[in-house]
Amino acid sequence: MHGLKKRFRFSGPSLLRQQQQQRHFHEDKAFTGGEFNLWAAVVEEPQAHDYAPLAPPTLSDEDVKQKLASLEEQNQKSGFVDPAAYVSLLKQSGDVTALKTIQAHISHSKRFAGDRLLLNCVVEAYGKCGCVKDARLVFSSIRHPNVYSWTILLAAYAQNGHHKTVLELLRQMDLLGVWPNAVTLATVIGAVSELGNWDEARKIHARAAATCQLTYDVVLVTALIDMYAKCGDIFHAEVVFDQARNKDLACCNAMISAYIQLGYTVDAVSTFNRIQPSGLQPNQVTYALLFRACATNGVYSDARVAHMCFILSKLRPDVVVNTALVSMYSRCGSLEDARRVFDRMPGKNVVTWNVMIAGYAQEGYTDEALQLYVSMEAAGVEPDEITFVNVLESCSLAEHLAAGRDIHKHVVDAGYDSSLTVLSALITMYSACGSLGDAVDVFHKGVTTHSSVISWTAMLTALTRNGEGRSALALFRKMDLEGVRANVVTFVSTIDACSSIGALVEGHAIFERVIVTGHLIDVVLGTSLINLYGKCGRLDYALEVFHYLSFKNIVTWNTILAASSQNGEETLSDELLQEMDLDGAQPNEMTLLNMLFGCSHNGLVAKAVSYFRSMVYGHCLVPTSEHYGCLVDLLGRSGQLEEVEAFISSKPFSLDSVLWMSLLGSCVIHSDVERGLRAARRVLGLDPKNASPYVLLSNMFAAIGMLDAVKSLAKLAGERAMKKEQSRSYIEVNGVVHEFGVRAGLHRLGEKIGAQLREWSEEMEEAGFVPLHDVRGYHDEKLAIAFGAISSPPGVPLFVVKNLRMCVCCHGEIKHICKMTGRDISVREGNRVHHFRPMDASCSCGDYW
DNA sequence: GTAGGGTTAG
């Protein structure tokens with residue numbers, strides 16, 4: 001034990017500095033093994049008061065009446081009643097009726113009717129039971145309210161969430177010449193904290209400094225630190241802390257909390273480490289903070305050290321400390337340890353359950369999360385709104401619609417269906433489970449004009465996620481009209497909606513609006529812009545934004561790489577990858593996938609293989625079936641169908657339908673009907689609901705003129721109730737996005753579009769181009785192109801977004817249309833952009849499409 | 001009159 005303590009002292013101060021080195025060492029040898037049982041102290045029997053603090057005794061209206069009667073009797077007998085008797089009654093009575101009875105009694109008594117001290121107590125009592133209006137009325141009846149009366153009134157408003165009124169009341173005090181004291185100021189500081197208003201924070205700080213001896217009033221200092229933390233100003237929090245003499249534990253705890261709230265975990269820990277040397281002993285609050293700091297950093301070895309520090313402190317673990325432990329372990333990646341504390345700790349409350357459920361949900365253990373929710377109810381703990389948010393998130397991740405609907409019922413039963421947070425979670429759940437209609441219902445029923453921007457943004461994202469980019473933009477406009485103020489997150493979601501349908505002009509307009517409204521282009525917003533420009537075929541703009549961003553995260557790098565690969569600039573992708581290396585960013589699985597995509601779009605087999613090798617041997621990344629899929633795709637396209645089939649069959653990932661889909665795609669290109677059918681069977685065996693094999697086979701049969709096969713396939717797909725995603729195309733003309741496809745129905749310029757297409761067909765035939773037989777009439781991408789051509793001046797480039805892949809016929813024809821019209825035409829399908837060139841009727845994909 | 005554990009759209 002002694003030796004251990006020595007080592008602990010050695011490790012403590014460097015707690016977080018070692019994070020990089022120890023990230024992967026889940027068993028810290030210094031603290032494991034038989035010499036100390038880390039878990040023993042968690043289960044120590046709690047004292048009753050640890051978990052169920054005694055509620056102050058409250059008197060019912062009946063009790064109060066009895067007591068008042070005896071006071072009256074006493075008054076008549078002796079002619080004297082101690083006002084303290086009333087004060088004590090007021091402090092004990094918990095409900096409004098009782099308070100009203102006492103108030104009536106006081107106002108009818110000759111002796112106490114105008115007694116300021118008693119009335120102050122009445123105001124306070126009303127405030128405590130949530131009756132701000134009554135408190136205000138009683139206050140108005142006080143003839144000369146003093147600073148105590150005012151402060152009590154301020155506290156009543158503060159306790160009930162009316163923080164702005166607190167500031168207003170302070171102004172009234174000033175006008176009337178009543179000087180606030182330290183307690184008044186502390187109350188106002190609390191209100192400013194809740195408002196998070198930095199300007200007000202500076203004002204009240206100045207005032208506190210002018211009114212009180214700040215360096216000696218440690219309570220005021222503590223309140224100020226917390227206020228600055230909530231206003232996001234760590235600098236002034238530190239200034240106040242440093243200037244304070246006689247710092248007590250609460251003050252240090254407030255400073256640690258400030259550091260954590262603003263993300264300075266290293267400073268939080270170094271402040272923790274200075275507590276004991278300064279002669280103070282950390283308490284449960286301090287440790288709960290330390291655990292939160294470790295949870296934020298997510299380093300498991302630090303978590304173990306922190307836990308050990310607590311055990312050595314001999315403090316009794318209460319429910320908050322244990323819950324913080326559960327949270328810390330689960331956020332440091334050890335659900336086992338989290339569960340160990342959770343299972344052993346007594347007195348779990350709703351927060352404890354929420355933490356454990358969130359732990360499972362965030363690691364993707366959705367079944368366990370849902371199971372825990374059931375156990376929680378069985379244990380008799382009532383779920384709250386955070387429980388529902390966590391559980392709904394699990395349903396979203398698992399795409400478990402049935403469970404989601406069940407939880408929705410529980411939400412209604414528990415009365416949380418008016419909570420905006422829960423509503424947003426419901427919207428997200430339904431949209432993630434593919435039930436957009438339910439998401440829209442929830443939105444319309446529960447979300448009103450005045451409701452939070454979060455719900456609107458959730459709905460916007462839900463629409464985009466389900467392929468309804470145009471509706472998302474319409475919702476954004478409606479939101480504007482209804483006066484709901486968009487924030488940065490909304491802008492990001494809206495820009496994503498634009499990206500999904502190729503709305504370049506509209507997306508650009510949102511960008512301008514972001515700038516005009518003074519929002520900063522942070523890394524997420526910048527990345528969404530790079531994505532927009534990349535997906536709209538404007539790699540030049542994407543690069544401009546990319547170079548503008550001073551801070552780039554891995555998603556930013558991956559997005560610019562994707563933009564470059566999507567647009568067929570694989571040389572640029574190579575350069576960017578090198579730049580990324582110089583910048584010190586570590587490539588991840590997505591980075592390599594983008595590189596492989598780039599090769600795949602250009603048919604660069606050897607290069608792809610070399611990237612694949614560097615991924616496994618150089619970067620030690622585990623390839624997913626998508627990486628293999630890319631390779632399979634490349635090899636297949638280059639015609640090595642037999643090898644590919646043997647390769648997939650021989651690997652454990654033969655169980656992944658994506659790979660067989662990829663082979664099927666190659667068989668379509670090379671018209672290998674037999675192998676294509678085999679691949680299609682494998683896909684359907686593994687993923688029976690997948691409609692894509694039918695589409696691809698149908699394309700293959702169409703391309704080789706087997707029209708009967710196309711028809712019987714359509715029949716089969718219909719019988720099996722395949723839900724094929726309906727094909728559609730978008731084109732933005734003059735800043736407006738137009739949709740083409742079955743769903744969109746006839747366009748108002750339908751006749752003119754038809755005439756244009758016929759004209760092109762004739763022209764192509766004259767030039768000797770024989771289009772392959774087109775079984776479904778004009779495909780939507782051609783309708784979109786024809787519309788673009790007749791609605792914009794000659795020479796203006798056309799950009800079309802298609803939700804599915806183009807067929808061979810369209811790809812061939814668009815090359816000719818491009819040459820005939822002399823326009824640059826680009827079509828994005830999925831994750832690649834085809835840039836057609838008018839000069840030689842070719843496509844950037846080199847027909848590796 | 002001051003300090004602690006949870007989630008919230010990108």
Side-chain angles (χ1 to χ4, degrees), chain A residues 151-152 154-155 158 180-191 193 208 212 217-227 229 244 247-258 260 282-293 295 317-328 330-331 348-359 361-362 384-393 419-425 427-428 452-462 464-465 486-497 522-528 531 555:
Chain A
T151 306
I152 289 168
L154 255 71
N181 62 21
V183 180
T184 323
L185 292 173
T187 310
V188 179
I189 290 170
S193 307
C212 315
D217 191 331
V218 73
V219 174
L220 220 45
V221 161
T222 307
L224 283 170
I225 293 172
D226 187 53
M227 173 186 75
K247 296 182 185 69
D248 65 359
L249 188 60
C251 180
C252 296
N253 286 345
M255 193 63 230
I256 296 176
S257 173
I260 296 174
N283 62 6
Q284 280 95 338
V285 177
T286 324
Y287 281 101
L289 285 164
L290 178 67
F291 296 159
R292 195 172 142 202
D318 63 15
V319 65
V320 176
V321 163
N322 277 334
T323 305
L325 273 173
V326 175
S327 171
M328 172 177 76
S330 74
R331 285 170 66 185
K348 294 185 261 288
N349 62 19
V350 62
V351 180
T352 321
W353 285 91
N354 288 349
V355 168
M356 197 65 239
I357 291 175
Q362 272 148 28
D384 66 5
E385 64 177 353
I386 296 177
T387 318
F388 286 121
V389 168
N390 286 331
V391 176
L392 287 168
E393 195 199 346
S419 149
L420 286 173
T421 324
V422 176
L423 284 177
S424 301
I427 292 171
T428 306
S452 109
V453 59
I454 295 181
S455 314
W456 285 79
T457 309
M459 191 64 236
L460 226 147
T461 310
T464 308
R465 181 189 286 192
N487 63 20
V488 183
V489 182
T490 321
F491 289 131
V492 170
S493 291
T494 314
I495 291 172
D496 284 348
D522 72 355
V523 62
V524 182
L525 190 64
T527 304
S528 76
N531 185 45
V555 185

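Each chain gets a letter, A, B and so on, in the order the sequences are listed, and its residues count up from 1.
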Of the nucleotides [options], which has the atom closest to the [X] side chain?
| X | options | answer |
| --- | --- | --- |
| A/A324 | B/dG5, B/dT7, B/dA3 | B/dG5 |
| A/V321 | B/dA9, B/dT2, B/dG4 | B/dG4 |
| A/R331 | B/dG4, B/dT2, B/dT7 | B/dT7 |
| A/L220 | B/dT2, B/dA9, B/dG1 | B/dG1 |
| A/T421 | B/dG10, B/dG4, B/dT7 | B/dT7 |
| A/V489 | B/dT7, B/dT2, B/dG10 | B/dG10 |

Using a heavy-atom cut-off of under 4.0 Å over every strand shown, decide if [X] touches base, sugar-phosphate, or nothing.
| X | answer |
| --- | --- |
| A/T527 | nothing |
| A/D496 | sugar-phosphate |
| A/L525 | base |
| A/S528 | nothing |
| A/S424 | nothing |
| A/V326 | nothing |
| A/I357 | nothing |
| A/V351 | base |
| A/D226 | sugar-phosphate |
| A/N531 | nothing |

Suppose we call a contact any N or O donor and acceptor under 3.5 Å apart; does that hold for the side chain of [X] and the base of [N]?
| X | N | answer |
| --- | --- | --- |
| A/N322 | B/dG5 | no |
| A/D318 | B/dG5 | no |
| A/N349 | B/dG5 | yes |

Worksheet entry | Check: A/T286/A/N283 side-chain N/O donor and acceptor closer than 3.5 Å |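 Side chains of A/T286 and A/N283: pair found under 3.5 Å.
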Worksheet item: Are A/S528 and A/N531 linked by a side-chain donor-acceptor pair shorter than 3.5 Å?
Response: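 Distance-only check fails for A/S528 and A/N531.
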Practice prompt. Would you confirm whether A/T323, through its side chain, and A/V319, through its main-chain N or O, come within 3.5 Å as a donor-acceptor pair?
Written response: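 Judged by distance alone, yes, a pair lies under 3.5 Å.
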Worksheet item: Distance-only, no hydrogens or angles: does the A/S257 side chain make a donor-acceptor pair with backbone N or O of A/N253 under 3.5 Å?
Response: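 Side chain of A/S257 to backbone of A/N253, a donor-acceptor pair under 3.5 Å: no, none is there.
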Fill in: Short side-chain N/O contact to B/dG10 OP1/OP2 from A/S493, under 4.0 Å
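So the side chain of A/S493 is outside the cut-off, no N or O lying under 4.0 Å from OP1 or OP2 of B/dG10.
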Atom pair distance, as rounded to whole Å: [atom1] in [X] and [atom2] in [N]:
| X | N | atom1 | atom2 | answer |
| --- | --- | --- | --- | --- |
| A/K247 | B/dA3 | NZ | P | 18 Å |
| A/F388 | B/dT8 | CZ | P | 16 Å |
| A/L289 | B/dT2 | CG | P | 16 Å |
| A/L290 | B/dG5 | CG | P | 12 Å |
| A/R292 | B/dG5 | CZ | P | 5 Å |
| A/M255 | B/dA3 | CE | C1' | 12 Å |
| A/M227 | B/dT2 | CE | C1' | 13 Å |
| A/N283 | B/dT2 | CG | P | 16 Å |

Discussion item. Before you tell me yes or no, could you show the steps for A/T490 and A/T457 under side-chain hydrogen bond (donor to acceptor under 3.5 Å, both in side chains), namely the whole-Å CA-CA distance, both residues' side-chain angles and the distance that decides it to 0.1 Å?
Written reply: CA-CA 5 Å; A/T490 321; A/T457 309; 3.2 Å; yes
Worksheet item: Would a 4.5 Å heavy-atom cut-off, applied to side chains only, mark A/D496 and A/T461 as touching?
Response: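 Sidechains of A/T461 and A/D496: no contact.
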Worksheet entry | Heavy-atom side-chain proximity of A/I495 to A/V492 below 4.5 angstrom |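 No, every pair of side-chain atoms sits at 4.5 Å or beyond.
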